2 protein chains.
Amino acid sequence: MNKKNSCPLNYTMNLIGTKWKPLILFHLLEGDLRSGILQKKIPEISNKMFTQTVRDLEKDGLISRKVFPVVPPKVEYSLTNRGKSLEDILRSLDKWGLEDCQN
Amino acid sequence: MNKKNSCPLNYTMNLIGTKWKPLILFHLLEGDLRSGILQKKIPEISNKMFTQTVRDLEKDGLISRKVFPVVPPKVEYSLTNRGKSLEDILRSLDKWGLEDCQN
DNA sequence: TAACTATACTACTTTTTTGTAAGTTATTGC
DNA sequence: GCAATAACTTACAAAAAAGTAGTATAGTTA
């Protein structure tokens, strides 16, 4: 909690408050996914942003990355416990959007 | 829900997923506030970003703005019902940050 | 041997967000 | 007349986020 995060809410937003992070975490709630599958669940994301975002999430310990030493490459992503602890929030955000956009 | 929001979660993030919006909404949970007071609760925000953000929130119907025709000006902000419906989410995000940053 | 595969990286450009600093307003009180 | 006030605006600059397009990898399969 540094000076840029005077409020816990701000801390949370700095961690997951970007365009793609919540979306990736959300899709991983349903279980572990191969890189390509996960990316296809978010058709709008560019290859670069996908890689960059999962790297960020991994760095922050919200997801973990398992590499299988095969060719062609196989990489699987899954939520860490820290990532899983966001489940309620992610589902709430999704639910709110669903309800709100019907009005 | 347009093509940029294939997922409700994305819709929500596009609405409040910025640096300052959740923070402003959060502080208004405690009740209506004069512009200056609200801004002082977020010392890191610049004058410009504050005005810009409350304008956005007003445009999206999450807060309402009451102007008193006095000099010097007096402006009060409050949450709309739509804004209030975010209460659980905002408190969850704050709570998560509080718990998480202790680890 | 050449194409194919899934994943990722890089250089570069564009777009979006944020910040800085200065000005504007119209009344009050000195 | 002139400074002080609260809220806001504007022009400009800087920084961050996102997009585009091309390259690398190294076994497998045709």
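Note: hydrogens, waters and symmetry copies are ignored here, and every other heavy atom, side chains too, is used. Just so it is clear, the model here is predicted, and its values are computed rather than measured. Residue numbers start from 1 in every chain, and the chains themselves are labelled A, B, ... in the order their sequence lines are given, proteins ahead of strands.
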side-chain contact (heavy atoms from CB on, under 4.5 Å) involving I37(A) - partner list, sequence neighbours excluded |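 I37(A) satisfies side-chain contact (heavy atoms from CB on, under 4.5 Å) with L33(A), R34(A), K41(A) once adjacent residues are dropped.
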
Can you list the residues that meet the side-chain contact (heavy atoms from CB on, under 4.5 Å) rule with K95(A), with sequence neighbours excluded?
->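 side-chain contact (heavy atoms from CB on, under 4.5 Å) check on K95(A) returns E99(A).
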
Set of residues satisfying salt bridge (Lys or Arg N to Asp or Glu O under 4.0 Å) with respect to K40(A), sequence neighbours excluded =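 So K40(A) forms no salt bridge (Lys or Arg N to Asp or Glu O under 4.0 Å) with any residue.
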
Along nucleotides 20-30 of chain C, 5' to 3', which nucleotides get a B, which get an S, and which get a -, given that the test is a protein heavy-atom distance under 4.0 Å?
-> B-----BB---

Rounded off to whole Å, could you give me the [atom1]-to-[atom2] distance for the [X] and [N] pair?
X: K19(B); N: dT16(C); atom1: NZ; atom2: C1'; result: 13 Å
X: Q52(B); N: dT16(C); atom1: CD; atom2: C1'; result: 10 Å
X: I37(B); N: dT5(D); atom1: CD1; atom2: P; result: 14 Å
X: Q39(B); N: dG19(C); atom1: CD; atom2: C1'; result: 13 Å
X: M13(B); N: dT16(C); atom1: CE; atom2: P; result: 18 Å
X: L23(B); N: dT18(C); atom1: CG; atom2: P; result: 12 Å
X: R55(B); N: dT17(C); atom1: CZ; atom2: P; result: 18 Å
X: F50(B); N: dT18(C); atom1: CZ; atom2: C1'; result: 16 Å

N or O in side chain of Y77(B) less than 4.0 angstrom from dA6(D) OP1/OP2 =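 No, outside the criterion.
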
Under 4.0 Å: is that the gap between some side-chain N or O of K74(A) and OP1 or OP2 of dG27(D)?
->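 No, no such contact exists.
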
Identify every side-chain donor-acceptor pair in residues 49-61 of chain B under 3.5 Å, counting partners at least two apart or on other chains, and give the distances.
| from | atom 1 | to | atom 2 | distance (Å) |
| --- | --- | --- | --- | --- |
| T51(B) | OG1 | N47(B) | O | 3.2 |
| T53(B) | OG1 | M49(B) | O | 2.5 |

List for me each residue that meets side-chain hydrogen bond (donor to acceptor under 3.5 Å, both in side chains) alongside [X], sequence neighbours excluded, and say none if there are none.
X: S78(A); value: S64(A)
X: W20(B); value: none
X: T80(A); value: none

Interface residues of residues 26-36 of chain A with DNA chain C (non-hydrogen, below 4.0 angstrom) |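 Those residues are R34(A), S35(A), G36(A).
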
Is there any salt bridge (Lys or Arg N to Asp or Glu O under 4.0 Å) pair reaching into residues 64-82 of chain B, and which pairs are they, with sequence neighbours excluded?
->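 Only D100(A)-R82(B) qualify under salt bridge (Lys or Arg N to Asp or Glu O under 4.0 Å).
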
Passing candidate, side-chain contact (heavy atoms from CB on, under 4.5 Å) with P22(A), options N10(B), L9(B), T12(B) =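 Of the listed options, the one satisfying the test is L9(B).
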
Mind checking who shares a hydrophobic cluster with F68(A), ILVMFWY linked at side-chain heavy-atom distances under 4.5 Å?
->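 Besides F68(A), the cluster holds V70(A).
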
Going by heavy atoms closer than 4.0 Å, what residues in residues 60-70 of chain B are next to DNA chain D?
->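 Contacting residues: R65(B).
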
CG of L86(A) to OG of S92(B): how many Å apart, nearest 0.5 Å?
->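 These two atoms lie 10.5 Å from each other.
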
